[in-house]
Amino acid sequence: MWNLVKALLIGGLMAMQGWTDEFDGAQLNGRWRWHAPAGGSYALQDGWLVLSTPQREKGFNHWSGVFDAPMLLTDLPDGDWAAETTLHLSDFASDGDFHVGMAIAVSERYLWLWGIFYSATTWKMTKPELWLERTGEARLLQVPLETRTVQLRAEKRGMWLHFFWRHNERMPWQEAGKSLAWFAPKQIGLIVKTWGNGRPLTARFDRFRLEAMPAKDEPIKVSVRVNPQKRLNEISPLICGQFIEHLGRCIYGGIWAEMLRNRKMHGSVQENGVVENWQPFGKNTRWFADNVEFFVGGQSQVIEGTGSGEHGIAQSGLDLLPKGYVGRVIVKGEGVSEITVSLRKDGKVLASKTLKGVTNRWKKLPFRLQVKGAVSDAHFVIAFSGKGKLWVGATSLMPADNVDGMRKDVLDAIKDIKPPIVRWPGGNFVSGYDWRDGIGDPDKRPPRWDRAWGAWEWNDFGTDEFMKFCRYIGAEPYICTNAGEGYEHEAAEWMRYCKEKGYKVRYWGIGNEMYGNWQLGHLDANKYALKAILFATEMRKVIPDARLVAVGVDGSGWGNWNAIVTKIAGAHFDLIAPHYYQGYNPNDDSRQIYTVVIGSPVRIERMLRETFDIVERNKPKGKRITLAFDEWNVWEPHQTQSAGFESFYALRDGIFAAGVFHAMHRCGDFVELACLAQTVNVLGAIRTTQTQVLKTPIYWAFWIYVLNTGKWRVACDVDSPIGTTPVGGETPVADASATLSEDGKTLFIGLINRHPESDIEVQLDLGNFKAKPTVQMWQLWSENFTDTNTFEQPEKVKPTERTISLNEAVNLKLSRHSVTVLKFER
């Protein structure tokens, strides 16, 4: 009885959810919703629905951030369904570009389009074809078309969309193929889009039919078969490296503990006579810059007291914790024997120190201030009382717990992800950098204008500081030399300096991105190769066994750069360095952006293989050249220079990072090192304020994989459904990588579920690995793939760690949009 009731209920629901529109009425059915933000029209004529777009340069498109193609949409039923319509194209311009047909929409900005396609300008076509595209993904399916009238059908069956066509009702439906639905569509309808010359177009539709179908609620099942006995390649321990550059707040405002801006009194002078980043303090005071009497950099700040009261300068915007702060001022005076340094808030003195011994010669006066409570937007003040004149040459303020001038909290966060190697100092910055400016007394190091990024370089963080940084976090140093505006003898001298100081630097880069016209000293491939030979020849005189890294590109781009450089200079370097940043259009639907980001590691893996193959074909006989993938990340469109290239990365970006790790595992026999760009603030895995350190999902991906990756990649076969993504192309829903410890006693398996809406069931076969009955598991997941950590919610996205049974591990349910790592002990 219950089965009969259930069948009647389902049948009634299907009848209620299914409907047909013959387009023979005087008005459009009320179920339709017209979407035409920029123009276009629809009409009912003689039993046809007519959709039209007028002439408009660049047309009415639905692609790459432009979503103004006119369309009619109606809601889809829950579960599975089928829809069909008849499309007739009466005429079109031979120099036009259009796609017209059935729209299956996740949203108005993200949809499949199944219908008649023609492109004279983009694809150089001579006649129309049937195409399937998804926003941002062209030609997913392609069928020759012999007539301008075609019947179209689409069916949703579980996580797949199936697409059919026929010329008339006497012909059986022909299945063109299917497409994985990363996101379940919510609406369906009819669309006309144009681009290129934007020629006018009219399309006619007859009879639209939509019906609900019984849903097959089947889980996504994946099998992963591991063979720990089959060791495929050794994984370099250097692939989880980091990259720091003198850019934005990566070092100054991030790693470096200095709290004051323009501490060397450099730069422009405001109308009030005070140098940039500082404010006047006190009354009966005159301020001006002195370019004759200065301590460093060609300028000092003069404070002249012309009457009673305090006279000084102040800097605001300081956030303080209840702790000690240390600093120094370098001053000289006339009629001034002592000064006061203080921290203040709204006129209240939080901490102060009187410094005596001011003379008419430059003197360095250290101080310590103790703050009792947390305060935001405090002021640092340098002042004296009474008449007199004070020259301020330089000053400094840091938390007392700084480590050799670096923030301990930032260092400890970096140390926790155990970077095996760190690249420095750039990046574009290095092509105008003179390493000699960054050694010696930090207060005497000259400020320089960094033309690469349009900012002051204070040279407080130089070679010695970088080596201390690497020593503290336990990383190997990797120095990139200036092959832009620099010369080979300067690079050799830099090497010699490091050697004499006892710094063990194995990896040295010969320039950065010299192929790009944004680079100071930009060169073409031939000229760069010749310059690289000069650099390598001089550098090997100092350190003969140095691992020298040449500038590379991704694949065959930039005029076949890799082939030319390798053929000319390949005998002189050991690694070549491609870079890769994944961007996206900010106007796209967040769900499309998700597929762009999580699918891009598939492309990265292809790129790494292509790059290595090019090098292999062009290298000198008997020479081994590997890859240094020393800049990679997601570069979000709002990470602009005006915003300091800063952003709060989302869970999807952590999934991306895990995918890159898996790609590098599979390319482990030729990827020798890799560096995330960058570590702090600038495209940062870590974000900071003056008092907080925030760890992004990318940071947590590093934390999981650095601690849970073995020495050997072992055979790992994944049987998973495969969809498509805009950048990656064919992209498996599930990805896995299995690695084995050096002693063979620990097996690590990384698992990624890329599907944003569905959990998947994984059956795991460990081969002959006899594991202990309990397994450690780490998972990176959050409710939404757009979830981020913020300073208000710093732990919204954070790995969970727990112990599970062996049976649960080999029959594992992977949460949607998640990363999971399992640790099996023999």
Problem set entry | Working for side chain to side chain donor-acceptor pair (under 3.5 Å), residues Y580 and Q582 | CA-CA 7 Å; Y580 188 97; Q582 183 57 59; 2.6 Å; yes
Problem set entry | SB check D412 K415 (cutoff 4.0 Å) | no
Exercise. Counting only heavy atoms not in K623, do more than 12 sit closer than 6.0 Å to its NZ atom?
Worked result: yes
For this session: Mark yes when over 12 heavy atoms from residues, nucleotides or ligands other than K567 sit less than 6.0 Å from its NZ; otherwise mark no.
Result: no
Problem set entry | The single option from L627, I421, T626 passing side-chain contact (heavy atoms from CB on, under 4.5 Å) against L673 | I421
For this session: Could you walk me through whether N512 and S431 pass side chain to side chain donor-acceptor pair (under 3.5 Å), step by step?
Result: CA-CA 7 Å; N512 174 78; S431 291; 5.4 Å; no
For this session: Report yes or no: do D464 and Y503 form a side-chain donor-acceptor pair below 3.5 Å?
Result: yes
Exercise. So how far is it from T691 OG1 to L318 CG, rounded to the nearest 0.5 Å?
Worked result: 11.5 Å
For this session: Using a strict cut-off of less than 4.0 Å between a Lys/Arg side-chain nitrogen and an Asp/Glu carboxylate oxygen, indicate whether K408 and D401 qualify as a salt bridge.
Result: no
Exercise. Does the pair R328/D443 count as a salt bridge with the N-to-O cut at 4.0 Å?
Worked result: yes
Seminar exercise, completed: Separation between OG1 (T739) and NE2 (H662), nearest 0.5 Å, reads 9.0 Å
Problem set entry | Side-chain donor-acceptor contact under 3.5 Å, E636 with Y649 | no
For this session: Enter the distance from C470:SG to I244:CD1 here, rounded to the nearest 0.5 Å.
Result: 7.0 Å
Exercise. Does D460 come within less than 4.0 Å of K264, counting only side-chain N to carboxylate O?
Worked result: yes
Problem set entry | Working for ring pair (Phe, Tyr, Trp, His ring centres under 6.0 Å), residues W424 and F469 | CA-CA 11 Å; W424 170 85; F469 168 79; 9.6 Å; no
Exercise. Does any donor atom in the side chain of R445 or N459 lie under 3.5 Å from an acceptor atom in the other side chain?
Worked result: no
Exercise. Atom OG1 in T463, atom NZ in K501: separation rounded to 0.5 Å?
Worked result: 9.5 Å
Exercise. Between R496 and E500, is there a side-chain N and carboxylate O pair less than 4.0 Å apart?
Worked result: no
Problem set entry | F670 side chain reached by L608 side chain, heavy atoms, under 4.5 Å | yes
Problem set entry | Pair D554, H579: side-chain N/O donor-acceptor within cut-off below 3.5 Å | no
Exercise. Do E476 and R547 sit within salt-bridge range, that is, some charged N less than 4.0 Å from a carboxylate O?
Worked result: no
Exercise. Is the distance between the ring centroids of W453 and F645 under 6.0 Å?
Worked result: yes
For this session: Identify whether NZ of Lys or CZ of Arg in R687 sits under 6.0 Å from the centre of the six-membered ring of F648 and within 45° of that ring's axis.
Result: yes
Exercise. Measuring from K418:NZ to I473:CD1, what's the distance to the nearest 0.5 Å?
Worked result: 11.0 Å
Problem set entry | Between CG on residue N233 and CD1 on residue I235, distance to nearest 0.5 Å | 6.0 Å
Exercise. Are the aromatic ring centres of F243 and Y478 under 6.0 angstrom apart?
Worked result: no
Exercise. So L575 and D630, side chain to side chain contact (heavy atoms under 4.5 Å, CB included) or not? Walk me through it.
Worked result: CA-CA 11 Å; L575 301 92; D630 57 20; over 6 Å; no
For this session: Give the ring-plane orientation class for H489 versus Y487, where under 30° counts as parallel, over 60° as perpendicular and anything between as tilted.
Result: parallel
Exercise. Can you tell me if Q270 and W287 form a side-chain donor-acceptor pair at under 3.5 Å?
Worked result: no
Problem set entry | Side-chain donor-acceptor pair present, E258, Y252, cut-off under 3.5 Å | no
Problem set entry | Verdict with reasoning, Q692 to L694, per side chain to side chain contact (heavy atoms under 4.5 Å, CB included) | CA-CA 6 Å; Q692 288 179 274; L694 181 140; over 6 Å; no
For this session: Answer yes or no: does atom CZ of R624 have more than 12 heavy-atom neighbours from other residues, nucleotides or ligands under 6.0 Å?
Result: yes
Problem set entry | Passing candidate, side-chain contact (heavy atoms from CB on, under 4.5 Å) with S396, options K364, M259, R263 | R263
Problem set entry | Sole residue of F629, Y705, F656, W703 in ring pair (Phe, Tyr, Trp, His ring centres under 6.0 Å) with F661 | Y705
For this session: Evaluate side chain to side chain donor-acceptor pair (under 3.5 Å) for T481 paired with W508, printing each intermediate quantity in order.
Result: CA-CA 7 Å; T481 64; W508 293 83; over 6 Å; no
Exercise. Between the side chain of D290 and the main-chain N/O of S300, is any donor-acceptor distance below 3.5 Å?
Worked result: no
For this session: Quick one: sort the W558 and Y515 rings into parallel, tilted or perpendicular, breaks at 30° and 60°.
Result: tilted
Exercise. Does a side-chain N-to-carboxylate-O contact under 4.0 Å join R506 and E672?
Worked result: no
